[in-house]
Amino acid sequence: MTNIRLLLLGAPRFEVDGVNVEGVRRKAIALAAFLALTDRPQTRDTLAALFWPDQDEEHGKTSLRSTLHNLNSLSTQEWLEVDRQIVGIQTGQIEIDVQQFLKWVSSTRSHLHSDGRLCDACFEALDSAVNVYQDDFLTGFSLSDSAEFDNWQAAQREWLTRECTIALRRLADHAALSDYDRAISYTHRWLAINPLDEQAHRTIMRLYAANNQRSEALKQYQLVERLLDEELATLPETETIELFETIRDGKTPSVGKAQESRTVDGFPLVSVLPPLPPLVVGREEALTEIKARLGIPNDERRRAVTVIEGWPGVGKSTTIGALAHDPDVLKAFPDGVLWVSLGEHPNVLAKLAIWGYTLHVIAPGKTPTVDTLSTQITSVLRDRQMLLIIDDVWKEKHAAPFRVGGQNCVVVMTSRLNNIARALAPTSSDVYRLPVLSDKYALSLLHRLAPEAVEHHPDESLRLIHSLEGLPLAIQVAGRLLHEESRMGWGVCELLEELQSGSSLLTAHAPGDVQPNANDDEHTAPTITALLKRSTDALDEQALTCFALLSLFSAKPATFDLDALAAAWEIADPKPVVRALVNRGLLEPISGGRFQMHALLVMHAKSLLEGA
């Protein structure tokens with residue numbers, strides 16, 4: 001019997017009896033991958049429309065027949081299930097690495113290990129799974145003429161990567177109970193998947209310290225510090241810095257004990273969390289008030305719904321990012337946290353599907369309707385105690401499918417639009433307006449970003465934060481400008497004066513193309529416009545053009561990785577431009593090697609593009 005293998009974890013390829021098969025068309029590989037992950041036959045109409053969207057029905061089906069012929073020619077052994085209506089893969093006739101990976105992972109989901117340890121069978125299963133996972137799903141592969149397939153591929157890659165990361169973390173936690181070297185090996189593989197994951201760096205630092213490899217732990221910190229500076233132009237998180245200081249001072253931090261997740265219908269729950277904000281200053285009072293609305297610590301104050309509103313740039317997303325990772329919140333909602341950020345034009349089904357995959361409501365590749373999926377998630381969460389976070393809502397109808405919790409769940413939403421916030425909230429008292437920063441915290445934030453400028457020019461710095469009226473976005477842009485000029489050895493007095501003189505613009509009207517909704521009581525602080533102009537005026541021609549092109553991405557949350565930026569800018573190495581934009585406060589690095597652009601900056605970029 002011929003041994004046919006389809007390898008999708010990494011650069012995709014077919015093997016027959018251990019020999020790599022040449023001449024397989026890209027559409028044939030994509031078709032096989034889709035059938036393998038959907039794990040059920042598909043109609044010819046569905047496949048033709050997915051893979052040949054620019055062709056009419058007749059030509060699409062002709063192209064499908066040609067592609068099936070290409071797949072069938074790989075071996076004399078029949079492995080496809082094909083008739084006049086449907087196309088599928090015959091079970092047992094071909095080995096598929098993704099299916100092997102999922103089989104091993106799924107085999108551990110019926111076990112809840114109350115003592116915090118994986119049983120031997122689950123440990124071996126997860127070890128087998130991560131050994132199958134050679135690289136990310138369809139590495140380096142895409143279809144230029146099928147955006148729908150590329151979107152599906154991206155969703156599968158994100159889901160599979162998350163599954164492998166979770167497996168490696170669980171293996172490392174378990175191995176740390178008896179074998180530090182093996183735990184370190186698992187964590188190295190975790191870092192290979194995401195080199196910028198600070199949680200993984202902290203884990204391996206703890207393991208090195210516990211294994212009497214203190215120098216390696218300190219080198220690991222130096223590595224993550226350098227990576228974050230080179231790739232994201234940012235500092236490590238406070239928790240990482242504190243861990244480094246503990247180890248540097250000769251203390252051995254605890255490694256901790258593995259804790260198994262709570263389950264839903266036998267499946268471990270995994271939260272969908274936002275990136276942990278790298279810099280949160282002056283939000284203790286706001287977080288205390290919001291947590292009180294969640295019933296922390298007094299359940300009597302608990303509200304079923306809280307809607308957070310505030311000026312653009314006031315830090316709504318940053319605040320709920322900190323909230324989602326707060327230990328008190330994670331303790332109060334033991335079944336997990338589900339987060340989504342919508343933006344102005346969300347793909348509601350794709351975003352809701354991430355919740356569905358996480359809760360194991362839908363199988364990979366299945367595409368139920370929004371209403372069906374929302375109903376299924378509601379049923380699963382009926383008796384669960386979860387926090388649901390719906391960030392950046394622009395339309396009430398966009399949020400509706402995500403309001404899926406039962407009576408023990410709490411919903412937190414944010415919106416920049418006053419009328420939408422009021423529509424989302426059951427009563428006016430369920431709306432919480434996030435305030436700007438006080439002078440004390442605004443100055444503290446500026447000092448974190450530009451310590452030399454604040455220490456050498458305290459009076460001018462105080463006048464600057466007064467002129468910015470405590471708006472965190474404006475302070476961050478100003479702080480990064482000041483830091484960059486200080487780092488270059490340039491004087492900052494002229495820049496401080498220029499920023500301060502812009503305070504007179506606070507009462508001026510912004511250009512019409514950046515005005516917010518007229519029905520909304522929010523407004524754009526003109527000082528931000530002056531700061532952004534100062535930032536973009538300093539860019540060279542290439543960087544300025546690249547910045548303007550970012551307006552073609554969806555508004556907040558506009559996030560991109562280096563691959564997306566390289567494609568959008570049509571340049572091989574986007575890092576120099578990214579670094580310039582980060583240094584000028586025009587891009588914000590977030591975890592996972594991604595960058596975020598605030599909506600105000602998107603609007604500014606749009607005005608530049610339209611004026612070009």
Side-chain angles (χ1 to χ4, degrees), residues 5-14 29-40 50 89 94-109 122 125-143 146 148-172 186-197 199-200 261 267-273 275 338 340 347 349-367 373 559 561 563-564 591-594:
R5 299 182 69 203
L6 172 58
L7 304 175
L8 301 173
L9 295 171
R13 66 189 189 278
F14 279 93
I29 291 174
L31 174 60
F34 185 76
L35 294 173
L37 263 292
T38 53
D39 199 26
R40 62 177 178 181
L50 173 63
I89 293 178
I94 182 173
E95 294 181 18
I96 303 172
D97 57 354
V98 172
Q99 291 183 351
Q100 292 174 324
F101 170 78
L102 293 174
K103 181 187 74 173
W104 290 118
V105 170
S106 297
S107 70
T108 70
R109 286 184 171 143
C122 286
L126 287 180
D127 183 68
S128 298
V130 299
N131 286 332
V132 169
Y133 196 99
Q134 296 299 310
D135 206 339
D136 289 337
F137 180 64
L138 295 181
T139 300
F141 185 87
S142 66
L143 293 181
S146 179
E148 186 177 350
F149 174 82
D150 282 352
N151 289 337
W152 172 84
Q153 174 186 326
Q156 306 311 304
R157 179 185 295 125
E158 179 181 348
W159 170 66
L160 290 166
T161 300
R162 186 168 63 246
E163 291 284 356
C164 188
T165 299
I166 293 167
L168 287 165
R169 176 183 57 77
R170 295 175 72 194
L171 287 166
Y186 286 128
T187 312
H188 272 304
R189 290 203 54 193
W190 177 2
L191 282 168
I193 294 175
N194 187 355
L196 298 174
D197 188 333
Q199 182 184 356
S261 303
F267 293 101
L269 263 175
V270 180
S271 293
V272 178
L273 295 173
L338 293 175
V340 67
N347 183 333
L349 179 57
K351 290 179 178 291
L352 190 62
I354 293 175
W355 287 17
Y357 289 140
T358 300
L359 297 170
H360 309 285
V361 171
I362 54 177
K366 303 291 193 298
T367 52
L373 183 53
T559 65
D561 58 19
D563 290 340
S591 65
R594 298 185 67 82

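In this chain, residues are counted from 1 in sequence order.
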### Taking every non-hydrogen atom, the tightest pair across Ala33 and Leu6
N-CD2, 4.5 Å
### Asn194 side chain near Thr165 side chain, heavy-atom distance below 4.5 Å
no
### Query
Nearest 0.5 Å, what's the CZ-CZ distance between Arg5 and Phe14?
12.5 Å
#### Entry: Separation of Gln99 CD from Ile89 CD1 (nearest 0.5 Å)
6.5 Å
### Message
What's the separation between atom CD1 in Ile96 and atom CG in Leu9, rounded to the nearest 0.5 Å?
### Response
11.0 Å
### Message
To check you understand the geometry: which heavy-atom pair defines the closest contact between Leu37 and Gln156, and what is its length?
### Response
CD1-OE1, 4.0 Å
### Query
Is Asn347 reaching over with its side chain to a backbone N or O of Ala350, donor-acceptor style, under 3.5 angstrom?
yes
### Query
Would you call the rings of Phe137 and Trp152 parallel, tilted or perpendicular if under 30° counts as parallel and over 60° as perpendicular?
perpendicular
### Task
Quick one: list whatever passes salt bridge (charged side-chain N to carboxylate O under 4.0 Å, His left out) with Arg13, sequence neighbours left out.
Glu15
### Task
Return the minimal non-hydrogen interatomic distance between Val130 and Asp127, and the atom names on each side.
CG2-O, 3.3 Å
### Message
Determine whether a donor-acceptor pair (N or O, by modelled atom type, separation under 3.5 Å) exists between the side chain of Thr161 and the backbone of Arg157.
### Response
yes
### Query
What is the minimum heavy-atom distance between Asp135 and Gly10, and which atoms define it?
CB-CA, 3.5 Å
### Task
Flag the pair Leu338 / Leu359 as yes when at least one side-chain heavy-atom distance between them is below 4.5 Å, and no otherwise.
yes
### Query
Got more than 12 heavy atoms from elsewhere within 6.0 Å of CD, Glu95?
yes
### Query
In Å and rounded to the nearest 0.5 Å, what is the CG to CH2 distance from Leu126 to Trp104?
10.5 Å
#### Entry: Pair Arg189-Tyr186, side chain to side chain contact (heavy atoms under 4.5 Å, CB included): steps then yes or no
CA-CA 5 Å; Arg189 290 203 54 193; Tyr186 286 128; 5.5 Å; no
### Query
Taking atom types as modelled and ignoring hydrogens, do the side chains of Asp97 and Tyr133 form a donor-acceptor contact shorter than 3.5 angstrom?
no
#### Entry: Donor-acceptor contact present, side-chain Asp150 to main-chain Leu143, <3.5 Å
yes
### Message
For a side chain to side chain contact (heavy atoms under 4.5 Å, CB included) check, start with the C-alpha distance between Leu102 and Leu160, then their side-chain angles and the critical distance, and finish with the verdict.
### Response
CA-CA 9 Å; Leu102 293 174; Leu160 290 166; 3.8 Å; yes
#### Entry: Chi angles and distances behind the side chain to side chain contact (heavy atoms under 4.5 Å, CB included) call for Gln134, Leu8
CA-CA 9 Å; Gln134 296 299 310; Leu8 301 173; over 6 Å; no
#### Entry: Expected output: side-chain Thr187 to main-chain Ala200 donor-acceptor under 3.5 Å
no
### Message
Walk me through whether Cys164 and Phe101 qualify under side chain to side chain contact (heavy atoms under 4.5 Å, CB included).
### Response
CA-CA 9 Å; Cys164 188; Phe101 170 78; 4.0 Å; yes
